[in-house]
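Report on one structure; see the data block that follows.
Predicted, not measured: the structure shown is a model, and the values here were computed from it.
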Amino acid sequence: MSAWESVRAALATDDVTRLAACVAALDDAGRREVAAVLPGHISAARAQAEARLQARERTRRDSAERRSQERWALFQREADRRGWTQERRDHEWEAHWQPGRRLWHEEEEWGDEVAWMELMRVAGAGTLGGPAAVVAWLNRRDLEPWTEQADDLEPLLQVLSVRPAAWQADVAARLVRRARNARNRNLRLALELLRANGVTPPEHDPLVVAWASGAPTARALRDDPLLPVLLPRLFEAEGVGRALRHEKAAPLAAGTWLATLRVLESEGTVSREMLLDGCLRRFLRGGTATDLRFFARLHDLIEPAYDEVAARARDYVRLLPSAPGPVAELALRHLRRLGDLPEADVAEALGALLSRPERKLATAGLRWLDEAADELDDLDALAPALGLAFACGSWDVQCRAARTAVRHSDRFSPMGAEAVREALPLLPASVAGSVAAAFGDQALSTAGG
């Protein structure tokens, strides 16, 4: 029996395990023989699968019709025995005897439709010559099932494993580059090939998202050779945060990245510094609150110590102006733990908080400004922050800012007082009066415009 005859016989059995063993056993000449014929066999394989499907449909339809006729005959005998009128017969049939409305095709399974595609994918992956040809074959749309039933990678890995390591690495890299999003099922195959051959994964965001989309365990990640490379990229690749946005830190659930990374960090397999710096880098890259939710939860789960926050204080300050509200609140919470921030950083942080539209953050900024004013000798650095609070859209924030300005008015230098007076027109007239009086009556004529 020729190589092609053996492979065709295995294809006809719909047994992917048998097919994989048959293909893996081929020599170079056998692979070339099959590769020359296989593309032309797609139409025949599809027709055979459709014929099997139609035969099964006919069998099910006939069976359903037979059961319906038997039920109808039984009903008629019972109706005759009881002497029901036609009206009673109609009612009883509709209410109690009529078979359920589920049709025969609603319970259809598409096993044959999926099986022939997967069989052809395995046969092509194991016989086509060059990596480019194999990747093109695995990406054929007419061999892409629309269900998720064909997820067993073992047959594909078996037929690919007999090829040289460099050849397999080339296939993996090409599969990654062809994937436009993390839903591409070939990325799972690429990850396994990269693991098996010890190849550094190419930089590709969908690959990282695909790696992160599984249900991780500490045991699996400890043994994953891709961990040192892909874990840092978890904080860089677009789409990771959205893929993991549903993970919760309380309570931690098994099979989640939050729980697994917490275990690996606590045992020292994963560096705390890498996780903290990764979260901060991801925050600084920007994104929506949804995109950053996972990283905010991971950051808090790590519970950074005082020294760790102090060493990264500048990064936390940089988050205050434009990070989404939850991230800005996180940064503020940790900065407020520090009692020795440089005055320039305090002024920058206050300016950022008081320029934000969220009332909660602006109020927190005013509270911090009030405390800082009690500790500083020179309040001129806080005058711009007060001006920003005067411009806030919240009446409560404006009133509180005015009270803060009045309380500390005698501690501003003439230059600082002038900066506050210049911001008075931003306040409502009913609020500006007290500030104008505290900083000089000449400001009253221009306030509240």
Side-chain angles (χ1 to χ4, degrees), residues 1-56 59 108-131 133-165 167-169 171-172 175 184-197 210 214-215 220 223-224:
M1 183 181 293
S2 69
W4 167 240
E5 290 172 342
S6 299
V7 170
R8 184 172 59 181
L11 286 169
T13 66
D14 287 343
D15 185 342
V16 70
T17 302
R18 173 181 169 181
L19 173 68
C22 177
V23 171
L26 295 174
D27 57 16
D28 290 344
R31 283 196 289 268
R32 287 194 297 269
E33 177 187 337
V34 174
V37 183
L38 188 65
H41 187 65
I42 290 179
S43 297
R46 181 189 295 111
Q48 292 168 3
E50 290 175 352
R52 289 192 296 271
L53 179 62
Q54 290 171 3
R56 189 171 67 247
T59 300
E108 185 58 75
E109 297 179 0
W110 298 95
D112 286 342
E113 284 293 307
V114 173
W116 81 268
M117 296 178 185
E118 194 62 19
L119 287 162
M120 293 295 289
R121 281 166 56 86
V122 171
T127 59
L128 296 176
V134 170
V135 170
W137 181 265
L138 292 174
N139 280 282
R140 288 184 64 127
R141 298 190 66 178
D142 55 355
L143 297 181
E144 179 65 25
W146 56 88
T147 77
E148 298 182 357
Q149 295 182 28
D151 282 338
D152 184 8
L153 295 179
E154 287 304 317
L156 280 170
L157 293 171
Q158 182 179 354
V159 300
L160 292 172
S161 65
V162 301
R163 306 293 187 99
W167 187 95
Q168 295 181 53
V171 168
L175 286 173
N184 189 307
R185 64 195 295 256
N186 289 322
L187 285 177
R188 292 180 56 243
L189 175 61
L191 286 167
E192 291 301 325
L193 290 173
L194 292 169
R195 290 186 179 105
N197 292 280
D223 298 333
D224 190 349

Taking all non-hydrogen atoms of both residues, which atom of [X] and which atom of [Y] are closest, and how far apart?
X: Val159; Y: Ala20; value: CG1-O, 3.6 Å
X: Leu128; Y: Ala35; value: CD2-CB, 3.8 Å
X: Leu156; Y: Ala125; value: CD2-CB, 3.7 Å
X: Val34; Y: Leu26; value: CG2-CD1, 4.0 Å
X: Val23; Y: Val7; value: CG2-CG2, 4.3 Å

Which distance, rounded to the nearest 0.5 Å, do you find between the [atom1] of [X] and the [atom2] of [Y]?
X: Leu191; Y: Asn186; atom1: CG; atom2: CG; answer: 11.0 Å
X: His41; Y: Met120; atom1: NE2; atom2: CE; answer: 5.5 Å
X: Ile42; Y: Trp137; atom1: CD1; atom2: CH2; answer: 3.5 Å
X: Arg140; Y: Met117; atom1: CZ; atom2: CE; answer: 11.5 Å
X: Glu33; Y: Ser6; atom1: CD; atom2: OG; answer: 8.5 Å
X: Arg8; Y: Ser2; atom1: CZ; atom2: OG; answer: 7.5 Å

request  = Sequence neighbours left out, what passes salt bridge (Lys or Arg N to Asp or Glu O under 4.0 Å) with Asp15? Give chain and number order.
outcome  = none
message = Does Gln168 form a side-chain contact (heavy atoms from CB on, under 4.5 Å) with Val171? I'd like the steps, not just the answer.
response = CA-CA 5 Å; Gln168 295 181 53; Val171 168; 5.6 Å; no
ask   = Just wondering, do Asn139 and Leu175 contact through their side chains at under 4.5 Å, heavy atoms?
value = yes
key: Close side-chain approach of Leu138 and Leu143, heavy atoms under 4.5 Å   = no
Residue pair Trp116, Leu11: steps toward the side-chain contact (heavy atoms from CB on, under 4.5 Å) verdict = CA-CA 8 Å; Trp116 81 268; Leu11 286 169; over 6 Å; no
Treating [X] as the side-chain partner and [Y] as the backbone partner, does any N or O pair qualify as donor plus acceptor under 3.5 Å?
X: Trp167; Y: Leu160; value: no
X: Asn197; Y: Leu193; value: yes
X: Arg163; Y: Gly126; value: yes

request  = Show your working on side-chain contact (heavy atoms from CB on, under 4.5 Å) between Val122 and Val16 and close with a plain yes or no.
outcome  = CA-CA 8 Å; Val122 171; Val16 70; 3.9 Å; yes
Audit row: Glu118, Arg121, salt bridge (charged side-chain N to carboxylate O under 4.0 Å, His left out) steps and yes/no = CA-CA 5 Å; Glu118 194 62 19; Arg121 281 166 56 86; 3.4 Å; yes
